[in-house]
Amino acid sequence: MSKSLQAIRGMNDILPEQTPVWRYFEGTVSRLLDNYGYKQIRMPIVEFTELFKRSIGEVTDIVEKEMYTFDDRNGDSLTLRPEGTAACVRAVLEHGITGGGQVQKLWYIGPMFRHERPQKGRYRQFHQIGLEVFNLDGPDIDAELIIMTWRLWGELGIRDAVKLELNSLGTSESRGRYREALVEYLSAHHDKLDEDSQRRLKTNPLRVLDTKNADTQAVLVDAPKMADYLDDESRAHFEGLKSRLDAVGIPYVLNPKLVRGLDYYSKTVFEWVTDKLGAQGTVCAGGRYDGLVEQMGGKPTPGVGFAMGIERLVLLLETLEQIPEEISRQVDVYLCAFGEEAELAGLALAERVRDQLPNLRLQVNAGAGSFKSQFKKADKSGALYALILGDDEMAQQVVGFKPLRGQGEQQSIAWDALAAHLATCVVQG
Ligand code: ATP
Ligand code: MG
């Protein structure tokens, strides 16, 4: 027998019973972003491999071991995007929409691909909502990004479960001076470092700060501190951000070891973390990348952004049972018709009601069936009301209107009055 067909490990179907939560989450975020004046951009899922090497950095986990890279039929090396910032920068440069200092406040949503070890909260195809702002260099916009996510957590009812961690990486000059001091210190303790950190010491020393190895962590206790190397400009920027968060009342913890996985960050970096999801606790992460656009061939253009992981946030909503009950009900009204004549009348009636109530979620029974079987389907659909068309109703040109969730008796409503009646009893989204 042939092997049964399966999806690729770490790449998941999102089944109909799960999509209401996804749509609730995505709808809440996109409404919020609209309200703050952000505009959506959509980029391709596949890009030239070179784009990611140049932007993310050759010696990062993503580029070294996580990318899905292949040659296409022309022999070009292409990669399934592992994140959105690189393609977004490529797009704004290609279309010249950040030229002359034009401010762009952009967001995107979609799948990202990384060949990681699949586990709870970590997949090979996962989904992000990301956001990038170009040509604003002050801490006010960094603050806005954080304030906006804070509001989002509030709307979703998960504010108490997430914590904001903050750090400043300084400008590339101050980061360079710090890197030198760190390398000097770590080189003096080379033998006590784990193997991975010894390697990173040569390739990407700041990433050593991010280590999970206890021995290396012990060495880091007395290592030089990034905060002591910040130049005045970065220090003032960071203070500006903190004072704005204080003004709005957003709590944060300073985490001097927060360096982020990608090479391109400068000044502000932040993560929203939760302890409710086990090891995969970062639900949203981002920071400032003032040097990236220039590094990718554009004019110097400040940038700042973040990305949130939809799977992890959906998991968090489920774990905290913060899913509004009404989102899983997808039918308001279910129409049952008995006999051929009633079925035809029912179809026409349904269309007239839909003309008048375009947001009504009205499902018409398909596949005929007995009174009992249609009624069972109406109930199972989750509808609040059943509409009934049988011989008696046909004769009187009325429809039976029956509450399915225990609110009152069945009544007869004239066809002409049906839409008006439904408008009074169904709250339409
Ligand atoms: P992590 O430290 O968990 O590997 P990261 O620093 O690699 O995360 P980013 O590149 O900053 O992650 O991506 C932003 C967000 O996207 C993360 O905070 C997380 O919520 C989500 N994310 C990243 N990788 C995955 C993955 N493999 N599966 C599910 N979500 C992910
Ligand atoms: Mg990662």
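Each ligand, and each atom within it, is numbered from 1 in the order the structure gives.
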Check: Which of the atoms of ligand 1 are close to Gln128, meaning less than 4.0 Å from one of its heavy atoms?
Finding: 13 (O), 14 (C), 15 (C), 16 (O)

Check: Hey, is Lys65 close enough to Asp61 for a salt bridge, meaning N to O under 4.0 Å?
Finding: yes

Check: Do we see a donor-acceptor contact under 3.5 Å between the side chains of Ser234 and Asp231?
Finding: yes

Check: Can we say Lys376 and Asp379 salt-bridge, meaning some charged N sits less than 4.0 Å from an Asp/Glu carboxylate O?
Finding: no

Item checked: Option nearest atom 2 (O) of ligand 1 (shortest heavy-atom distance, choices Glu83, Gln280, Arg122) -> Arg122

Next item on the list: Only heavy atoms count here, so choose which of Phe306, Phe113, Phe126 is nearest to atom 31 (C) of ligand 1.
Entry: Phe126

Next item on the list: Would you check the N or O atoms of Glu311, main chain and side chain alike, for any that come under 3.5 Å of an N or O of ligand 1?
Entry: no

Check: Does Ser77 offer a backbone N or O that forms a donor-acceptor pair with the side chain of Thr49 under 3.5 Å?
Finding: yes

Notebook entry, point to check: With atoms numbered from 1 as shown, which atoms in ligand 1 lie under 4.0 angstrom from a non-hydrogen atom of Thr282?
Noted result: 17 (C), 18 (O), 19 (C), 20 (O)

Note to self: For Ile62, which part has a heavy atom under 4.0 Å from ligand 1: side chain, backbone, both, or neither?
What the structure shows: neither

Notebook entry, point to check: Counting only heavy atoms, which portion of Glu271 has something under 4.0 Å from ligand 1: side chain, backbone, both, or neither?
Noted result: neither

Item checked: Pro82 backbone acceptor or donor facing Arg114 side chain under 3.5 Å -> yes

Checklist line | Heavy-atom nearest option to atom 12 (O) of ligand 1, drawn from Arg124, Arg114, His127 | finding: Arg114

Notebook entry, point to check: Under 3.5 Å, is there a donor-acceptor pair between the Gln295 and Tyr289 side chains?
Noted result: no

Check: Going by distance alone, is a donor N or O of one side chain under 3.5 Å from an acceptor N or O of the other, for Thr282 and Glu271?
Finding: yes

Item checked: Ligand-residue contact atoms, ligand 1 with Gly121, heavy atoms, under 4.0 Å -> 28 (N), 29 (C), 30 (N)

